[in-house]
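See below for the structure under consideration.
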Amino acid sequence: MFLVYEKNYLTGGDIDCVEECDMQLFTNRISAVKEIKRRKESYSKENSNFKFVEEESSENCYVFAESYNSKSGDRDGEFHICIVELDVYE
């Protein structure tokens with residue numbers, strides 16, 4: 001099983017969080033990878049406040065930063081779209 005989820009890293013005293021509505025479970029990796037790529041494309045097109053940070057991303061975790069300054073690495077906040085393989089026990 002593969003879990004796709006989003007993790008928010010907030011600034012200004014807000015609480016970092018993972019929300020249940022941002023989680024999806026898949027039986028195979030191919031479907032899970034399609035979903036994180038779909039989310040990446042969706043956020044890249046729809047949300048101009050957050051920018052994809054390719055140099056900090058991997059095939060298992062895409063990093064988006066708010067008000068990102070690529071020269072200094074400074075940002076106001078960020079979120080990650082991640083995929084993780086889960087062991088299934090009976």
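- Taking the side-chain contact (heavy atoms from CB on, under 4.5 Å) definition, one finds that Asp87 meets it with Tyr89, sequence neighbours left out.
- For the pair Phe26 and Ile83, the minimum side-chain heavy-atom distance is 4.5 Å or more.
- Contact record, Ile36 with Tyr62: O-CE1, 3.5 Å, taken as the closest heavy-atom pair.
- For Ser57, there are no side chain to side chain donor-acceptor pair (under 3.5 Å) partners two or more places apart in sequence or in a different chain.
- Minimum heavy-atom separation, Val63 to Glu56: CG2-O, 3.5 Å.
- Scored by the salt bridge (Lys or Arg N to Asp or Glu O under 4.0 Å) test, Glu59 finds Arg29 as partners (sequence neighbours excluded).
- Applying the side chain to side chain donor-acceptor pair (under 3.5 Å) test to Glu35 and every residue at least two apart in sequence or in another chain returns Arg38, Arg39.
- Summarising the geometry of Ile81 relative to Lys40, their closest heavy-atom pair is CD1-N, 4.0 Å, with the distance given to 0.1 Å.
- Residues forming a side-chain contact (heavy atoms from CB on, under 4.5 Å) with Lys34 (at least two apart in sequence, or on another chain): Ile30.
- Residues Asn8 and Phe79 have side chains in contact (heavy-atom distance under 4.5 Å, counting atoms from C-beta outward).
- By the 4.5 Å heavy-atom criterion applied to side chains, Val33 and Phe2 are not counted as neighbours.
- Leu25 pairs by the side-chain contact (heavy atoms from CB on, under 4.5 Å) definition with Met1, Leu3, Leu86, not counting sequence neighbours.
- Note that the NZ atom of Lys51 and the CD atom of Glu66 stand 11.0 Å from one another [nearest 0.5 Å].
- With rounding to the nearest 0.5 angstrom, the CD atom of Glu78 is 12.0 Å from the CZ atom of Phe64.
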